Each structure stands twice: as C-alpha cells, then as structure tokens.
Amino acid sequence: MPLIPFNIPFLTGDEEPYMLDAMRSGKHCGNHGWGMKCIQHMKEKYGFHEVFLTPSGTAALEMGAMLGGLEPGDEVILPSYTFSSTANAVVLQGARPVFCEIEPNTMNIDPDRIEELVTPKTRMIIPIDYAGIPCELDRIRPIADRHGLTIMLDAAQSFGSRDRDGSWCGSATPLATFSFHETKNIGCGEGGALVVNRPDWVERAHFLQEKGTNRRLVLDGVRSKYGWVDKGSSFLLADILAAMLYAQLQHAEDIAARRKVVTDAYFHLFAPYEKAGHLRIPHPPQGVTLNHHAFFVIFNTSDHRQRFLASLRQWNVNAYIGYVPLHSFDKGRKLGYRAEDLPITEDLGSRVVRLPLYAGLAHDGLPYAVDSMSAVLKELYAE
Ligand SMILES: *Cc1c(COP(=O)(O)O)cnc(C)c1O
C-alpha cells in the first residue's frame, strides 16, 4: 500500500445502519425504499426531471443510448479523451463513435470542433465533464439544436458541480448519466444513474430499465398484467446499495468541501510552475462551481511527465496518467482511426497526470503529498 494512494472511498458513518435497514426490510431489489429516497432527493435538490438508478455509470450510458433512439448506422460525436464506457454505449447499439478533439483548459470536448463532424447520420452528442469541470453546454447546445441532435451528458465525474447559470450538472440536457463507482465523489461500490429531463421519454425509460416490460404500468395501477413491450435490460440498482448511496448523497457537499482543501493546495503548489511556463493546470470556465472531483497537470513534455511520476513513486505517492485516448488504442484502430486523426488529444493525453485526490486526504496525508510533489518539482526544474 502506498503512503498516498490515488483514491480511498469516503465513508460518512451512516452507510452501515442504512444498509442494515435495507437488508432487514425484506425488499432488496431495485426501485424500493432507499432507492426511492435517493431519487426523491436528487429530483428535489438538483432539479432533475426523472432519475433512474442503475448498476453502474456504464449501464446508465447504455440505457441512455437506447432511450435516445440510437440505431445501427447512426453516428455519435464524443471526445476520444474519455472512458471506454462512453464509446461502448454507442457501439453496443450498432452506432459509430465519431471522436472529437478536446481543449487544454479543461480536457473537455472542444465546442469549436464539433460542427465539422456533423453528417446526415449524426444523431447524438455525448460530451463529458472531465475532472468534474462542466463542459461548455451553452456552446454545444446551439449545435445540437441546429442539427436536431440529442445531448447525453456523461456526468460520471461531475455530480454536484454547477454550470455558469447555476444549474446542476445533469439537469440541463435531455439525458445525463452519473457514476457512483467507488472512485467517484460519492459512491456505493458500483452504481450509477440516468437522468431523463424529457418528460415524453420517461415512460419508455421505465420499460427499458425493467427488461423491456411495462411492469411500471402495473405498479402504477394502469394495467392489471405486464409483458414484453420493448427492448431493454436489467438496469436496476439493488436497494442495499441504494441505502449506501443515500448516506453519501446526504453528505455530498461536505465531501466536496473536503476535496476542495486538496485541490486548493494543489493549485497553490502548481500555479508558480505554470507561471514559469513549465506546465498547465486546469482552467475551468469563469463562474462554474466545482465538485473537486479531480486535479490534473499537463506537463510540457511526456518526458517530464514520466520523470515526475517516477520520482513521485519513490515517495510512495500514487499519481497516474489518466485516459489513454480511445481512438488510438486497439478498438479505436479497429474502427479505422489512426493516432494522427486527433493530434491534439494524442498530444495532451501523452503529457497529463492526475494527482491523488480523495476526501480523507484533506485530514490525513496532504502535507506529505504536497511536500513530496514540491520536492519532485524543484528537482525537475532545477536546471
Ligand atoms: C467512471 C466513468 C464512467 C463509468 O462509470 P462506472 O460506474 O464505473 O461504470 C463513464 N464515463 C466516465 C467519464 C467516467 O469517469
């Protein structure tokens, strides 16, 4: 175990009693007591129209891709700098991922490069909020409107962040997905949510979540028996995990505040090196509120990145390189992409580092983490 690991899941203390209650309730499946509490809380506090708890962020993306009506032959524009799940949701519906470049201030999709990728086959745009920094929806939305495209926001990392207009991430696009994996700000081991902000899509979302049946209509008292009406899968989160999630949801702001202590320290440490021209740190758009999910540093060369990571390992501190761009790895190549197709993504991806960041670090280990990074930076830029 390194002295400073990359991540440690945070526990609020309420998880155990809530989960015990769920276990003893006699109802363990999805959409029951604790799950409904999570959904109610998310709708009330964050202004989501409807919420579906799913087994993972990956499952939420798959369900959203189905709900958005993706069909074989459709094209979907998304950044190559993301997790495999974002692209797999597209591929699993037989559609084609069309990769777009990112920009270095946020590592999010570059809105200036989206429209040139639109063809008559384009159906959807899936931007992500990398590191919890809201992507520039006010510049992406007009493109979607002009061409009749659905935006599904992969907000896996941005639960609790707010856009410039004050809206919570996930509340302002037809579809949005969250992840509650243990590496995210709040989690339940494995879990996720699909937010559906289009009222006319809610009924079908219930069908997709319940294995393609209209069971929901029986629960609502509309029908007396249910059956197979659509495609779908089992996109439900067990109530025992929802109980854990509810504990975390109630502490989302406290968790973000703890993480902010860490990102403030990192900003303070790295800002002078950015000023000296050695590296870049995140520059979120003015006016957004961050959930402090992640902190990244873009070194000027991949060699500097390697030296930084290697020296930090000597201190027993775990930073890591972030995503390997999707377009230039095996599956991307099979789809016909070459590394040169997205030179900006390829270049940034080869120079970025993600620093260890978790709520508990604020109270245990932060001075050591900062001192070790400071020593490594001094050594790296001594010449
Ligand atoms: C974590 C993550 C996912 C996948 O979420 P899981 O809950 O692990 O399935 C998808 N997209 C992005 C951008 C992520 O960070």
Side-chain angles (χ1 to χ4, degrees), residues 6-7 9-10 30 38 42 51-66 68 76-93 97 99-100 102 106-109 124-135 137 140 151-161 169-170 173 175-195 209 233-238 241-242 244-245 248-249 259 282 290-296 320-327 329 331-332 345 348-349 352 354-355 357-358:
F6 183 71
N7 178 61
F10 184 74
C38 291
M42 288 168 78
V51 178
F52 295 84
L53 297 183
T54 59
S56 63
T58 301
L61 285 161
E62 289 169 21
M63 184 173 155
M66 275 184 206
V76 176
I77 298 170
L78 69 159
S80 166
Y81 199 74
T82 181
F83 198 56
S84 58
S85 301
T86 323
N88 270 335
V90 174
V91 169
L92 282 168
Q93 299 307 310
F99 294 116
C100 184
I102 52 173
T106 60
M107 299 296 278
N108 281 332
I109 196 166
M124 190 182 264
I125 305 173
I126 314 182
I128 84 164
D129 292 335
Y130 185 68
I133 303 173
C135 64
L137 279 180
I140 300 171
I151 301 176
M152 173 159 74
L153 178 66
D154 181 345
Q157 302 183 14
S158 61
F159 189 85
S161 290
C169 287
T173 48
L175 299 170
T177 62
F178 292 115
S179 166
F180 301 123
H181 186 262
E182 67 164 28
T183 50
K184 303 304 200 282
N185 279 31
I186 66 167
C188 56
E190 302 273 359
L194 174 67
V195 175
Q209 186 188 34
S233 190
S234 180
F235 288 125
L236 295 132
L237 183 72
L241 290 178
M244 175 168 179
L245 182 62
Q248 301 251 317
L249 277 172
R259 301 178 78 102
L290 299 178
N291 67 351
H292 302 280
H293 175 64
F295 191 93
F296 59 83
Y320 94 124
I321 61 169
Y323 297 132
V324 179
L326 298 181
H327 75 280
F329 213 75
K331 178 67 178 166
T345 300
L348 290 172
V352 71
R354 267 181 65 172
L355 302 182
L357 180 43
Y358 47 93

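First listed ligand is number 1; within each ligand, the first listed atom is number 1. Just so we're clear, the structure is a prediction, and the values are computed from it rather than from any experiment.
- Ring geometry, Y323 versus F83: the interplanar angle falls from 30° to 60°, so the pair is classed tilted.
- Heavy atoms of G191 come nearer than 4.0 angstrom to ligand 1 in at least one pair.
- At least one side-chain heavy atom of F99 sits under 4.5 Å from a side-chain heavy atom of L78.
- With no hydrogens or angles considered, no side-chain donor-acceptor pair links R259 and N291 at under 3.5 Å.
- Checked against a 3.5 angstrom limit, the closest N/O atoms of F83 and ligand 1 fall outside it.
- In terms of protein heavy-atom proximity, atom 10 (C) of ligand 1 is closest to D154 OD2, 3.7 Å.
- At least one N or O atom of K184, backbone or side chain, sits closer than 3.5 Å to an N or O atom of ligand 1.
- Under 4.0 angstrom from ligand 1, the non-hydrogen atoms of S56 come from both its backbone and its side chain.
- A donor atom on one side chain and an acceptor atom on the other are not found under 3.5 Å apart for T183 and N7.
- Of the protein's non-hydrogen atoms, S179 OG, 3.3 Å is the one closest to atom 5 (O) of ligand 1.
- Ring to ring, F6 and Y358 are not that close: their centroids are 6.0 angstrom or more apart.
- A centroid separation of 6.0 Å or more is found between the aromatic rings of F235 and F52.
- The shortest N or O to N or O distance between E190 and ligand 1 is not below 3.5 Å.
- Heavy atoms of Y323 come nearer than 4.0 angstrom to ligand 1 in at least one pair.
- Taking every non-hydrogen atom of H181 and a distance limit under 4.0 Å, the qualifying atoms of ligand 1 come out as 7 (O), 8 (O).
- Under 4.0 Å from ligand 1, heavy atoms of T58 appear from its side chain as well as its backbone.
- In terms of protein heavy-atom proximity, atom 15 (O) of ligand 1 is closest to Q157 NE2, 2.9 Å.
- Put simply, the side chain of P134 reaches to within 4.5 Å of the side chain of L290, judged on heavy atoms.
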